[in-house]
Amino acid sequence: MVRWEPGARERLQQAALVLFAERGFEQTTAADIARSVGLTERTFFRHFADKREVLFDGQHLLAEAFRTGFEAAPAGAAPLDVVVSALRSAADFFPDARRPYSRARQTVIDQNPALQERERHKMAELAALGHEVLLGRGIADPAATLAAETGITVFSVAFAQWIRHGENRSFAQIQTAVLDELRSLTGSESVPVHQS
């Protein structure tokens with residue numbers, strides 16, 4: 001078997017999604033995934049701590065995208081303005097080319113309660129990051145908590161719409177629509193929803 005080839009990580013991720021869909025997450029082993037692309041199980045574990053990590057690889061990059069957006073908000077910005085800045089930054093993490101992978105990944109997660117819990121934990125970590133940044137900007141609770149949790153809710157609702165079959169709008173367009181809906185629910189004119 002080939003021990004190393006360029007793109008091994010990506011090939012393992014794609015193979016894992018196919019096998020998870022065909023056999024189920026629990027029935028698929030790391031060895032199965034590696035073998036399906038002509039690699040060894042040892043090579044799999046050089047790239048991923050376990051088979052769950054195939055689905056959650058890149059989580060730190062999404063967190064960095066949120067952090068970049070939080071930090072890009074101007075000093076003195078209102079809590080929701082800071083959150084919107086983070087949402088705009090996170091939208092760049094989801095180009096249209098990523099949609100088929102995200103759909104397949106979510107299908108696997110939706111079929112496994114442990115993976116669903118891991119996904120909820122990821123969202124909670126992003127909300128905690130937002131809360132921390134907002135507190136660091138001098139925004140007190142409960143405003144910091146409300147803004148951070150609202151941001152993650154907007155993100156989650158937008159993501160669910162973005163991966164629907166037949167959906168063609170960009171992630172940014174969908175987030176804007178969700179923010180518009182939030183604004184209409186709250187009757188607030190202070191939630192900026194359009195990028196300049």
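Here, residue 1 is the first one in the sequence, and each next residue gets the next number. These values consider heavy atoms only, across backbone and side chains, with no hydrogens, waters or symmetry-generated copies. This one's a predicted model, so the numbers in the text were calculated from it and none came from an experiment.
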Derivation of the salt bridge (charged side-chain N to carboxylate O under 4.0 Å, His left out) call for R105 and E119: CA-CA 11 Å; R105 176 189 174 275; E119 185 78 349; 2.8 Å; yes
Any side-chain heavy-atom pair from T150 and V83 closer than 4.5 angstrom? no
Please determine whether salt bridge (charged side-chain N to carboxylate O under 4.0 Å, His left out) holds for the pair E117 and R120, giving the CA-CA distance in whole Å, both sets of side-chain angles, and the decisive distance to 0.1 Å. CA-CA 5 Å; E117 180 60 31; R120 284 189 293 272; 2.9 Å; yes
Distance-only donor-acceptor check, side chains D141 and T145, under 3.5 Å: yes
d(T68 OG1, R88 CZ) to nearest 0.5 Å is 15.0 Å
Between R9 and H47 (side chain of the first, backbone of the second, donor and acceptor by atom type, cut-off under 3.5 Å), is there such a pair? yes
Please tell me whether T29 and D32 have a donor and an acceptor in their side chains that are separated by less than 3.5 angstrom. yes
Do you know the tightest heavy-atom contact between V37 and A15? CG1-CB, 3.6 Å
Ring-ring centroid check F171 F155, cutoff 6.0 Å: yes
So that I know where these two stand, are F93 and F159 an aromatic pair - ring centroids less than 6.0 Å apart? no
When every non-hydrogen atom of E41 is compared with those of A34, the smallest separation belongs to N-CB, 3.8 Å
Heavy-atom pair of closest approach, residues R103 and W162: NH2-O, 4.0 Å
Could you tell me whether R67 and E64 make a salt bridge, using a distance below 4.0 angstrom between a side-chain N and a carboxylate O? no
